[in-house]
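One structure is given below, encoded as C-alpha cells.
In this chain, numbering begins with 1 at the start of the sequence shown. Note: hydrogens, waters and symmetry copies are ignored here, and every other heavy atom, side chains too, is used.
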Amino acid sequence: MSRILIVSNRLPVTLRVEDDRPILEPSLGGLATGLASLMDSPTTLWIGWPGDLSELTERQRAAVRADLDRQRLVPVELTAEQIQRYYEDYSNGVIWPLFHHLPDRVPYEADGWEVYEEVNALFADAIARVYRPGDQVWIHDYQLMRAPALLRDRVPDAAIGFFLHIPFPSSEVFRTLPQRRPILEGLLGADLVGFHTATYMYDFQTTVVRTLGVTSEGKHLSWRGREVQTDVFPMGIDAASFAEVATRRDVVKQVRAYRQGAPLVRIMLGIDRLDYTKGIPHRLLAFGRMLETHPELRGSVRLVQVAVPSRERVEAYMDFRRQSDEIIGRINGTFGTPDWTPVSWINRSMNKDEIVALYRAADVMLVTPIRDGMNLVAKEFVASRFDEDGVLVLSEFAGAAAELAEAVQVNPFDIEGMAEAFARSLAMPADDRHSRMRGMRRRVFVNDTERWSRRFLMALAAASERGRESARALQTDLARLVALARATPELVLILDYDGTLVPFASTPELGRPDDDLLDLLEDLAQRPRTTVHVVGGRGRETLERWLGMTGVGLHA
C-alpha cells in the first residue's frame, strides 16, 4: 500500500522531561495542526528533528525512540552545532530575512551553507531509508530546499512534492543569494512545487528562468529531462475546531469578562509571534497616530497586543523588542489617563481557548505584517466569529490578502493611511461588518486545511505521473535516435551550440566550451562516415577561436 511521507524540520511533537521521564506532547504549530488529519491515517509517516536529545540518558533515548515509532514519527537526530549553523545561522539568519524582502538583515559574512547542505543530505538519507515504491513524499519549507534534489539522486522515481510556507522573493532579491543556483536546483528535484499565492509562484518561475535558463510553459518547467509543475495551494485552517471552541460556555464566559472590564471601550487586537516581519512597530505607530488625529477616540478604544516570544537571544530580535517597548511607552505616556491605558502588551504564549476568547472579544483584528507567507491568524479570527461581526484589517503583503478580499486591506509602510483605516474600521456600520465577515467565513470554511492537503496530494500524484511519462518518452526518443545514428551508413550531425552543447549564459563569454565538450566534438569528428556541424548565434572569430581545433564544421 502506498504511503504519505511528510518531511519537515521539526516533528509535530514537543519533548519535555517530567519526573525523570521523557514525554512527547503534540505541538500546536500551524503545520502540525494543518496535517493532523493526514497523521490519523496508519499509512502516513512524519520525518523530522525530534528536538535535543543530548541531555537524555541512553535509557531515556530508547524510550523516546520507541514512543516515536509508535506514533509513526521518524527522527532525524542533529547535533547542537548542526542546529545552530543549519537552522539558526543559515535558515533563519539568511533565508528568512531575504525571502521576506529584508536583505539588509542578512549578515555580510553569512555562515552555515555547508551545514545546511549536510543536514539536507541527512534528511534525504532518512527518507530514502524508509521509502517504498509508490510512496508520496511531501517536503515542507525553507529549511529543506535542497532535500528534493538530494532525494531524487537517491530515489530517482520517487513522487516528490515541496511546499514553501513563506513568501518567495522577487527575482532581483533572490539573485543576491550567493547559493542561488543550488537552492533552485534543489527545489527542481521535486515533481510539484507549491506556494500560497500566484505572486510567489510567478516570482519563482521568473527566477528559475533567469538564473538557470530553464524553459517554462504555463505552470510547467522543463528541467534535466523532467517536467516540474508549480501551482498555488493557499493553506487553510481547521475552521470547524475554532468555531466549536468559540461557542463553548467557558470561552463565552471569558469573552464576557474581557468586555465587562471596560464595557464602553472597544478592543483592537493584534496576535503575533515577536518577529520583525510581523509589522508590530508600524502597527503601534499607526495606532498612536490615530489617537493623535482622532482625539474623539481617546478613552474609547484600546489596543491589546499579544507578542509571543521568539528567538529571544538573537540580537536583532532583542532590538526589535526594545523598539516596540519604547513606542508603547511613548503612546501610553502621551495619551493614557488614570483609568485608561491605550496599549496593553502581553508578552507570553497563550493557549487556544485564550486566543479564541480574544478573537471573540475584539471589535477590530489587526493583521499587518510587512510580509508574510500566508498568516493563519487572519483566518482563525474569521472562523471564530460565529456572530458574523468584527472587522479584519489585513496587510496587502500577507498571503491571506489574496483570499480575504473583504478585509480592510492596508499598506503597513503607510502609517498615515493605516491610522485612517483603523479609524474607519471602528466606525464601520453593522450591516457592512456582517456582509464582509459572511463572505470571508464562507471562503475560510470551504478552503480548510483538509482540502488544502487533499488538493496538494492529488496534484502531486498527477505531476509525478506526468514526470515519469516525460522521462520515459525522452529515454525512448534518445534510444531511437542513437539506434538510428548507429545504423545509418552516412551520418550528418548538426548540433546547436547555446542551450544544447552548453547551458544558456547571461553573457557570451560565459558560454565558453569546457575540455569535456572539446574532447567529445573531436571524437565525433573522427568517427568514420560521420560529418559534424555546430551552429551558433555568435561571430565567426569566436566560434573559430573556441572550436576551430576540433575539426567540426562551424556555422556562425
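- In this structure, the side chain of Asp67 does not engage the main chain of Ala63 through any donor-acceptor pair within 3.5 Å.
- Residues Leu11 and Val76 form no side-chain contact, since every pair of their non-hydrogen atoms from C-beta on lies 4.5 Å or further apart.
- Within a 6.0 Å radius of CD in Glu354, more than 12 heavy atoms belonging to other residues, nucleotides or ligands are found.
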What do the steps show when you test Trp113 against Ile183 for side chain to side chain contact (heavy atoms under 4.5 Å, CB included), and what is the final call?
CA-CA 10 Å; Trp113 165 252; Ile183 289 290; 3.7 Å; yes
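- The two residues Leu404 and Ala378 make their nearest non-hydrogen contact at CD1-CB, 4.1 Å.
- Across Pro281 and Phe320, no two heavy atoms sit closer than the pair CD-CE1, 3.2 Å.
- The closest donor-acceptor contact from the side chain of Ser395 to the backbone of Pro369 lies under 3.5 Å.
- Put simply, the side chain of Arg283 never gets that close to the backbone of Gly270: no donor and acceptor are under 3.5 Å apart.
- Ion pairing between a basic and an acidic side chain is recognised when a charged N comes within 4.0 Å of a carboxylate O; Lys278 and Asp275 show no such pairing.
- With Ser41 contributing its side chain and Leu38 its backbone, the two residues share no donor-acceptor pair below 3.5 Å.
- Here Phe123 pairs with nothing under the ring-ring contact (aromatic ring centres under 6.0 Å, His included) rule; sequence neighbours left out.
- There is no side-chain donor-acceptor pair under 3.5 Å between Gln143 and Asn120.
- The shortest heavy-atom contact between Met235 and Met374 is N-CE, 3.8 Å.
- No donor-acceptor pair under 3.5 Å is formed between the side chain of Asp89 and the backbone N or O of Gly112.
- A 4.5 Å side-chain heavy-atom check between Leu358 and Met350 finds at least one atom pair inside the cut-off.
- For Glu227 (side chain) and Leu221 (main-chain N/O), no donor-acceptor pair under 3.5 Å exists by modelled atom type.
- Nearest heavy atoms, Arg146 versus Pro182: NH1-O, 2.9 Å.
- The shortest non-hydrogen separation linking Ile160 to Gly189 is CD1-O, 4.0 Å.
- The backbone N or O of Phe174 sits nowhere less than 3.5 Å from a side-chain atom of Arg180 that would complete a donor-acceptor pair.
- Here CG of Leu15 is found 9.0 Å from CD of Gln60. Values are rounded to the nearest 0.5 Å.
- Under the rule for a ring-ring contact (aromatic ring centres under 6.0 Å, His included), the partners of Phe195 that lie at least two apart in sequence or sit in another chain are Phe204.
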Walk me through whether Arg175 and Thr211 qualify under side chain to side chain contact (heavy atoms under 4.5 Å, CB included).
CA-CA 8 Å; Arg175 286 184 293 147; Thr211 307; 3.5 Å; yes
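- Pairs of residues two or more places apart, or lying in two chains, that qualify as side chain to side chain donor-acceptor pair (under 3.5 Å) and include a residue from residues 184-197 are Arg152-Asp191.
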Working for ring pair (Phe, Tyr, Trp, His ring centres under 6.0 Å), residues Tyr87 and Trp96
CA-CA 10 Å; Tyr87 183 72; Trp96 179 265; 9.9 Å; no
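- Residues Arg129 and Asp125 are not paired through a salt bridge, judged by the lack of any N-O separation under 4.0 Å between the basic side chain and the carboxylate.
- The environment of Arg322 atom CZ is dense: over 12 non-hydrogen atoms of other residues, nucleotides or ligands sit within 6.0 angstrom.
- For residues 42-60, the set of pairs meeting the salt bridge (charged side-chain N to carboxylate O under 4.0 Å, His left out) definition, not counting sequence neighbours, comprises Asp20-Arg59, Glu58-Arg61, Glu58-Arg65.
- The pair Lys352-Glu380 does not count as a salt bridge, with every side-chain nitrogen at least 4.0 angstrom from each carboxylate oxygen.
- Listed by first then second residue, pairs satisfying salt bridge (charged side-chain N to carboxylate O under 4.0 Å, His left out) with a partner in residues 234-247 number zero, not counting sequence neighbours.
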Evaluate side chain to side chain contact (heavy atoms under 4.5 Å, CB included) for Leu102 paired with Ile370, printing each intermediate quantity in order.
CA-CA 10 Å; Leu102 297 168; Ile370 57 176; 4.0 Å; yes
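- A 4.5 Å side-chain heavy-atom check between Leu151 and Pro148 finds every atom pair outside the cut-off.
- Shortest non-hydrogen contact noted between Arg371 and Pro167 is NE-CB, 3.5 Å.
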Tell me, with the steps shown, if Leu274 and Arg321 meet side chain to side chain contact (heavy atoms under 4.5 Å, CB included).
CA-CA 8 Å; Leu274 192 57; Arg321 167 67 191 272; 3.9 Å; yes
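- Residues Asp157 and Val155 have side chains not in contact (no heavy-atom distance under 4.5 Å, counting atoms from C-beta outward).
- Residues Tyr86 and Asn92 have side chains that never bring a donor and an acceptor to within less than 3.5 angstrom of each other.
- Judged by distance alone, the side chains of Glu118 and Gln82 do bring a donor and an acceptor atom under 3.5 Å apart.
- Between Glu114 and Arg85, the closest side-chain pair of non-hydrogen atoms falls below 4.5 Å.
- Arg455 has no carboxylate O lying under 4.0 Å from a charged side-chain N of Asp231, or vice versa, which leaves the two without a salt bridge.
- Side-chain contact check for Leu5 versus Trp138: every heavy-atom pair is 4.5 Å or farther apart.
- Between the side chain of Asp135 and the main chain of Arg3, a donor-acceptor pair closer than 3.5 Å is present.
- Looking at Arg451 and Asn447, their side chains do bring a donor and an acceptor atom within 3.5 Å of each other.
- Judged by distance alone, with hydrogens and angles left aside, the side-chain atoms of Thr206 form no donor-acceptor pair with the main-chain N or O of Asp203 at under 3.5 Å.
- How far CG of Leu366 is from CG of Leu394: 10.5 Å, rounded to the nearest 0.5 Å.
- The line from CG of Asn9 to CG of Leu144 is 6.0 Å long, rounded to the nearest 0.5 Å.
- Ring geometry for Tyr116 versus Tyr90: interplanar angle of 30 to 60°, hence tilted.
- Under the salt bridge (charged side-chain N to carboxylate O under 4.0 Å, His left out) criterion, Glu403 pairs with Lys379, sequence neighbours left out.
- Remark: Glu25 CD is packed, more than 12 non-hydrogen atoms of other residues, nucleotides or ligands lying under 6.0 Å away.
- Using a 4.5 Å heavy-atom cutoff, the side chains of Ile327 and Gln323 are in contact.
- A donor-acceptor pair is defined here as one N or O able to donate and one able to accept, closer than 3.5 Å; such a pair exists between the side chain of Asn347 and the backbone of Ala307.
- Considering CZ of Arg10 and OG of Ser27, their distance stands at 6.5 Å, rounded to 0.5 Å.
- Taking the six-membered ring for Trp and thresholds of 30 and 60 degrees, Tyr359 and Phe242 have ring planes inclined between 30 and 60 degrees apart.
- By the 4.5 Å heavy-atom criterion applied to side chains, Arg72 and Trp46 are not counted as neighbours.
- Within a 6.0 Å radius of CZ in Phe445, more than 12 heavy atoms belonging to other residues, nucleotides or ligands are found.
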